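Accompanying notes for the structure given below.
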Amino acid sequence: MLLRAAWRRAVSAVTAAAGSRPATPSRGLRLRVVDHAPQSAVHSDAAPEAEPVLRPLYMDVQATTPLDPRVLDAMLPYLINFYGNAHSRTHAYGWESEAAMERARQQVASLIGADPREIIFTSGATESNNIAIKELEAAIQPDTSLVSVMTVNNEIGVKQPIAEIGRICSSRKVYFHTDAAQAVGKIPLDVNDMKIDLMSISGHKIYGPKGVGAIYIRRRPRVRVEALQSGGGQERGMRSGTVPTPLVVGLGAACEVAQQEMEYDHERISKLAERLIEKITKSLPDVVMNGDPKHHYPGCINLSFAYVEGESLLMALKDVALSSGSACTSASLEPSYVLRAIGTDEDLAHSSIRFGIGRFTTEEEVDYTAEKCIQHVKRLREMSPLWEMVQDGIDLKSIKWTQH
Amino acid sequence: MAATSRAQVLDLYRAMLRESKHFNAYNYRMYAVRRIRDAFRENKNVKDPVEIQNLVNKAKRDLEIIRRQVHIGQLYSTDKLVIENQEKPRT
């Protein structure tokens, strides 16, 4: 007790000496400065920009999620003292690392109703997807094929009818793979109930670390896959390479936490989603929610604001971290293929924004986001000649835009 | 070890809330306080002493996690969120 108090005093002495803001360049991107009352003299020695800067709210959980503190806590021992290679068979460092890896494997398996022997660790859902699809090329019978479907879509949040698809594939003897990156730990999944043969899992979508994932590969009946990565034969020969113990421990911890918190999170996220949609649609006309509302994961809300261009709304909402369309394709200017596939009009597809609500999202953040969104949509619409025409009662579809 | 008393559970509850309010990161801080309140409320009518002891033991482990993670967060703190300017911190 005394030791800890002394330690705390020492730590606060160190941080006080450096000023409440460390002299080293502040971590994080400085975007906005807040006017505060003049700081004390201590701070004037610090970096030139001594005024505090505020970070945007994070509403982009489909892109990635923060680590749950419980996950970081589970990982740290393996980054500090328990650094053995899980495949070293001859000493305690290896044995303790292997035990941690197998415990993590059990945690992942338990979340999806699988056997631990059916879980292979990978570098993420993308690698898992590649392994699963390569299976098609390595098929033993030339006429076997594979169905691959996302469980929950990352752009519009739609839930696919996985159990029905599984039943159909099983009856036709076709392999069924699902990319469950956005679904694992958020909605109940059972590989046996849903007749799933292959499943991709991503660590950083479920409050776990980046750079790790897993692929579930059914053992009964056996699904054969070809290894993408060959080498020392780790992970039953399906994925060679030293298994990164700290990362898989994080993935396992994330899965265990998700299993415990699934119901609580789902209920809270559903309420927050309703709140966000209600606030926005109550104050703004001509807002369309993309995606089937009946089969929808509440934490992923994709809205189109007519007569407002999506990118300009995103830039205007600089205090909120949001996205339009999927992060993996965000460099291009083309509207999302998902929106085009569900039949969204071109102009509405260009004005879509995705709001992500997660385990750590608060009611205040939802209210702030809704207010800013309403404020900026109104402002941008005021500036829009299209909006003006609509207000005057002109039907935009009747306009002849070209002169021939 | 004698069974956990109501007073001990309340002490644990208060200790967890107190510690959680020290999270630097807004999202972690709000989550921890909310989750602790909801979890204790949800389990307040549990009667089975074995189950109570299990829950108390888990809570004690979680308190240690919170202590460690609060401290780590303070070592790596960064700027506040836009929303923290307006609302009262440590609610």
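The structure presented is a predicted model; accordingly, all values stated were derived computationally and were not measured. Chain naming here is simple, since letters A, B, ... match the order of the sequence lines and numbering starts at 1 in each.
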Inset, instruction - Kindly determine whether B/Leu81 and A/Glu365 satisfy side chain to side chain contact (heavy atoms under 4.5 Å, CB included), including the steps that lead there. - result: CA-CA 10 Å; B/Leu81 297 184; A/Glu365 288 176 309; 3.9 Å; yes
Legend entry - Atom pair CE (B/Met30) and CD (A/Glu364), whose distance is rounded to the nearest 0.5 Å: 4.5 Å
Inset, instruction - Count the heavy atoms of every other residue, nucleotide or ligand shown that sit under 6.0 Å from CD of A/Glu267, and state whether that count exceeds 12. - result: no
Inset, instruction - Specify the closest pair of heavy atoms between B/Ile83 and A/Tyr368, including all atoms of both residues, with the distance to one decimal. - result: CD1-CB, 3.9 Å
Inset, instruction - Could you tell me whether A/Glu274 atom CD has more than 12 heavy atoms of other residues or ligands within 6.0 Å of it? - result: no
Inset, instruction - Kindly state each residue pair satisfying salt bridge (Lys or Arg N to Asp or Glu O under 4.0 Å) with at least one member in residues 63-82 of chain A, sequence neighbours excluded. - result: A/Asp68-A/Arg70, A/Asp68-A/Arg359, A/Arg70-A/Glu261, A/Asp73-B/Arg68
Legend entry - chain A contact via B/Ile72 - which portion, at a heavy-atom distance below 4.5 Å: side chain
Inset, instruction - Decide yes or no for B/Arg34 and A/Thr362: does some side-chain heavy atom of the first lie under 4.5 Å from some side-chain heavy atom of the second? - result: yes
Inset, instruction - Can you run down the ring-ring contact (aromatic ring centres under 6.0 Å, His included) pairs that involve residues 47-68 of chain B, sequence neighbours left out, and say none if there aren't any? - result: none
Inset, instruction - Check the side chains of B/Asn27 and A/Tyr58 for a donor-acceptor pair under 3.5 angstrom, ignoring hydrogens and angles. - result: no
